[in-house]
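Note: hydrogens, waters and symmetry copies are ignored here, and every other heavy atom, side chains too, is used.
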Amino acid sequence: QVQLVESGGGLVQAGGSLRLSCAASGLTFSSYAMGWFRQAPGKEREFVVAISWSGGSTYYADSVKGRFTISRDTAKNTVYLQMNSLKPEDTAVYYCAADQGRAYDSKAYYKMMRNYDYWGQGTQVTVSS
C-alpha cells in the first residue's frame with residue numbers, strides 16, 4: 001500500500017520559513033518523480049514544484065521561484081520543500097504527489113495533476129501578515 005505523508009506545516013509570519021517533508025512508503029521511491037501542489041481556500045489546486053526521479057531536474061512555479069527549494073533523500077524515501085520568504089499568498093494546504101512517468105521530464109508534464117499516481121493528504125501552511 002502506497003502512502004505519502006506530509007508534515008512540517010504550521011503558522012508562520014510573513015518573511016519566515018518552513019520546511020515541509022513528504023515521507024513515501026510502499027513504492028520504489030527512486031523510480032518516482034515527486035511534486036508539490038497547493039490549494040488555497042476557494043481556489044483550484046496548483047502546481048508548486050517538481051523534482052525528477054533522479055533528482056537531476058527541478059521545476060518551479062514562477063510564484064515560488066527563488067524562494068522555495070525542493071530536494072529528495074532517497075535513503076530516507078523523503079522529499080522536502082524548503083520555503084523561505086513566505087508571503088500571505090502562500091497560505092494553502094500543501095500536497096505531495098508521486099509520478100512514475102520516467103519517460104517524461106518537463107515542467108509542462110509535471111504541472112498536470114493527472115500525471116501523478118499517488119497523493120498525500122496534505123499539510124496546512126498559514127502565513128500571517
Side-chain angles (χ1 to χ4, degrees):
Q1 180 183 359
V2 174
Q3 281 193 310
L4 302 178
V5 180
E6 302 96 335
S7 61
L11 174 64
V12 64
Q13 288 188 333
S17 298
L18 282 175
R19 188 176 82 153
L20 306 184
S21 300
C22 173
S25 60
L27 52 73
T28 304
F29 182 72
S30 59
S31 296
Y32 283 76
M34 301 297 294
W36 285 95
F37 288 74
R38 67 187 181 186
Q39 187 166 18
K43 295 188 177 181
E44 293 187 350
R45 194 171 298 188
E46 65 174 5
F47 170 79
V48 177
V49 60
I51 186 167
S52 63
W53 62 271
S54 67
S57 301
T58 56
Y59 303 94
Y60 293 87
D62 290 344
S63 58
V64 306
K65 198 174 297 182
R67 301 188 297 123
F68 290 11
T69 303
I70 190 171
S71 61
R72 63 189 300 157
D73 185 335
T74 301
K76 295 183 178 180
N77 283 8
T78 300
V79 62
Y80 302 99
L81 181 61
Q82 178 66 44
M83 305 186 296
N84 298 329
S85 302
L86 282 162
K87 305 174 181 180
E89 50 263 44
D90 294 319
T91 295
V93 177
Y94 283 71
Y95 299 89
C96 73
D99 162 47
Q100 201 178 14
R102 294 180 64 173
Y104 304 96
D105 188 2
S106 72
K107 185 175 180 178
Y109 176 83
Y110 289 127
K111 286 180 66 176
M112 299 175 71
M113 291 175 52
R114 67 172 185 244
N115 291 329
Y116 292 82
D117 303 292
Y118 304 103
W119 291 82
Q121 293 301 306
T123 185
Q124 176 70 48
V125 171
T126 303
V127 184
S128 63
S129 57

task: I would like to know whether R38 and V125 meet side chain to side chain contact (heavy atoms under 4.5 Å, CB included); could you show each step before the answer?
output: CA-CA 9 Å; R38 67 187 181 186; V125 171; over 6 Å; no

query: Please walk me through it: do V49 and Y110 pass side chain to side chain contact (heavy atoms under 4.5 Å, CB included)?
result: CA-CA 8 Å; V49 60; Y110 289 127; over 6 Å; no

- request: Assess whether side-chain hydrogen bond (donor to acceptor under 3.5 Å, both in side chains) is satisfied between D99 and Y104, documenting all intermediate values.
  value: CA-CA 10 Å; D99 162 47; Y104 304 96; over 6 Å; no

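The cluster map of Ile, Leu, Val, Met, Phe, Trp and Tyr, joined by side-chain heavy atoms under 4.5 Å apart, puts I70 and Y118 in the same cluster. The same ILVMFWY cluster, assembled from side-chain heavy atoms under 4.5 Å apart, contains both W36 and V12. By the rule that hydrophobic residues join a cluster once side-chain heavy atoms approach within less than 4.5 Å of another member, L27 and V79 end up as members of one cluster. The cluster map of Ile, Leu, Val, Met, Phe, Trp and Tyr, joined by side-chain heavy atoms under 4.5 Å apart, puts I51 and F29 in the same cluster. Residues V48 and Y116 do not share a hydrophobic cluster, clusters being chains of Ile/Leu/Val/Met/Phe/Trp/Tyr side chains in contact below 4.5 Å.
Looking at E6, its side chain never comes within 3.5 Å of a backbone N or O of L20 through a donor-acceptor pair. One N or O on the side chain of Y59 and one on the backbone of D105 form a donor-acceptor pair closer than 3.5 Å. Side-chain atoms of R72 come within 3.5 Å of backbone N or O of S52 as a donor-acceptor pair.
Taking both residues in full, the closest heavy atoms of Y60 and K65 are given as O-CE, 3.9 Å, listed atom of the first, atom of the second, then distance. Nearest heavy-atom pair across S21 and T78 is CB-CG2, 4.2 Å.
Note that OG1 of T69 is 11.5 Å distant from CZ of R19, once rounded to the nearest 0.5 Å. Atom-to-atom distance recorded for M113:CE and Q39:CD is 7.5 Å, nearest 0.5 angstrom. Atom OG of S129 and atom CD of E89 lie 10.0 Å apart (nearest 0.5 Å). Rounded to the nearest 0.5 Å, atoms NZ (K107) and CZ (F47) are 6.5 Å apart.
Screening W119, Y95, Y94 against F37 for a ring pair (Phe, Tyr, Trp, His ring centres under 6.0 Å) leaves a single residue, W119.
For E46, the CD atom counts as densely surrounded, since its 6.0 Å shell holds more than 12 non-hydrogen atoms of other residues, nucleotides or ligands.
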Scan the side chains in residues 80-88 for donor-acceptor partners under 3.5 Å anywhere in the protein, sequence neighbours excluded, and list what turns up.
from, atom 1, to, atom 2, distance (Å)
Q82, NE2, N84, OD1, 2.9
N84, OD1, S17, OG, 2.9

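Residues meeting the side chain to side chain donor-acceptor pair (under 3.5 Å) test with Q124, sequence neighbours left out: T126.
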